[in-house]
Amino acid sequence: MEELIDAFYKDRSIVNHQIASYDDFLSQRLQRIVDNTVIGQEEEGMEKGYIFPEIEGYKIKFGKIKVGYPEVKEADGTERRLSPMEARLRDLTYEANVELEFIPVKDEVEYEPESVRIGELPIMVKSKKCNISKKVLEEETEHSLSDEEYNEKLQEKQEDPLDPGGYFISNGTE
């Protein structure tokens, strides 16, 4: 019976549904929220995704929203990827920058979009934007990782290979 349970949890963990839901939020739902957002006076027949009112004949349209990977900015101004363990040890929030494209529109002609940082979003540990997820570590090494190699990479980063993830780190606290 124990082998059956081990086989079941090898591919699934108790938090898979949380991570899958968060990944879906990042990849689909967040963009849908932006696409359906109207700010300001909504006039009859106006499209969603615009900021109103018009300013000097221009309308501003929302474009794509992009969530980065957790980074830390050091005192010397350098930025680098942040691991969950470092966030815990340094009492940091494990979060990533969020950028949104703003597209100026005048006379129905769209101009070059400009990407603007609009805030930060907490990143769930082991989600697709987490710096210790298997996918991200495979991108770093530029090849597929076996389970053993993945566990070794986690240990190199001082992470527990048995940690299922599915939680956030805020000011160093899970």
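Everything numeric here is computed off the predicted structure, so don't read it as measured data.
In terms of hydrophobic clustering, with Ile, Leu, Val, Met, Phe, Trp and Tyr side chains grouped at heavy-atom distances under 4.5 Å, L145 and V136 are assigned to different clusters. Linking ILVMFWY side-chain heavy atoms closer than 4.5 Å, directly or via other members, places F25 and I118 in a single hydrophobic cluster. Note: the hydrophobic cluster containing M124 does not contain L162 (ILVMFWY, side chain heavy atoms under 4.5 Å, direct or indirect links). Linking Ile, Leu, Val, Met, Phe, Trp and Tyr residues whenever their side-chain heavy atoms come within less than 4.5 Å leaves M85 and Y150 in two separate clusters. If you chain together hydrophobic residues whose side chains sit under 4.5 Å apart, V67 and Y22 fall into the same group.
Here the shortest heavy-atom pairing between A87 and I169 reads CB-CG2, 4.2 Å. The shortest non-hydrogen separation linking V15 to P164 is CG2-O, 3.4 Å.
Between I132 atom CD1 and K157 atom NZ the span is 9.0 Å, to the nearest 0.5 Å. Rounded to the nearest 0.5 angstrom, T173 OG1 and L92 CG are separated by 11.0 Å. Taken from NZ in K64 to CG in D35, the straight-line distance is 9.0 Å, to the nearest 0.5 Å. The CG atom of D24 sits 12.5 Å away from atom OG of S127, with the distance rounded to the nearest 0.5 Å. Separation of atoms CD (E152) and CG (L137) is listed at 12.0 Å; rounding is to 0.5 Å. Between atom CD of residue Q18 and atom CG of residue D23 there is a gap of 12.0 Å, rounded to the nearest 0.5 Å.
Formation of a donor-acceptor pair under 3.5 Å by the R29 side chain with backbone atoms of S21 is found in this model. In this structure a side-chain-to-backbone donor-acceptor pair under 3.5 Å is present from Q31 to G63. In terms of modelled atom types and a separation under 3.5 Å, the side chain of S170 and the main chain of T93 share no donor-acceptor contact. Using a distance-only test at 3.5 Å, with no hydrogens or angles considered, a donor-acceptor pair links the side chain of N36 to the main chain of R32.
Salt-bridge check for E159 with R88: passed, with a basic side-chain N closer than 4.0 Å to an acidic carboxylate O.
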>> With side-chain contact (heavy atoms from CB on, under 4.5 Å) as the criterion, how do V34 and L100 come out once you've worked through the C-alpha distance, each side chain's angles and the decisive distance to 0.1 Å?
In response: CA-CA 9 Å; V34 169; L100 179 61; 3.7 Å; yes
> Does the pair S83 and N131 meet the rule for a side-chain contact (heavy atoms from CB on, under 4.5 Å), with working shown?
Replying inline: CA-CA 6 Å; S83 72; N131 290 327; 5.7 Å; no
>> Please determine whether side-chain contact (heavy atoms from CB on, under 4.5 Å) holds for the pair E99 and I65, giving the CA-CA distance in whole Å, both sets of side-chain angles, and the decisive distance to 0.1 Å.
In response: CA-CA 6 Å; E99 294 182 355; I65 191 160; over 6 Å; no
> Can D163 and L154 be said to form a side-chain contact (heavy atoms from CB on, under 4.5 Å), step by step?
Replying inline: CA-CA 10 Å; D163 180 0; L154 290 176; over 6 Å; no
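For residues 132-142, every residue pair satisfying the side-chain hydrogen bond (donor to acceptor under 3.5 Å, both in side chains) rule, not counting sequence neighbours, is listed here: K134-D147.
Using a 4.5 Å heavy-atom cutoff, the side chains of K73 and T78 are not in contact. Using a 4.5 Å heavy-atom threshold, the side chains of K153 and P161 count as separate. Within the 4.5 Å cutoff, the side chain of E101 has no heavy atoms near those of the E114 side chain. Using a 4.5 Å heavy-atom cutoff, the side chains of F168 and E174 are not in contact. At least one side-chain heavy atom of K128 sits under 4.5 Å from a side-chain heavy atom of S27. Contact of the I60 side chain with the V105 side chain is not registered, since no non-hydrogen atoms from C-beta on lie closer than 4.5 Å. A heavy-atom distance below 4.5 Å is not found between the side chains of V98 and K66. Put simply, the side chain of P70 does not reach to within 4.5 Å of the side chain of C130, judged on heavy atoms.
Two rings, from Y94 and Y69, have their centers 6.0 Å or more apart. Between F62 and F102, the ring center distance clears the sub-6.0 Å criterion.
More than 12 heavy atoms of other residues, nucleotides or ligands lie within 6.0 Å of CD in E71, so this atom counts as buried by the packing criterion.
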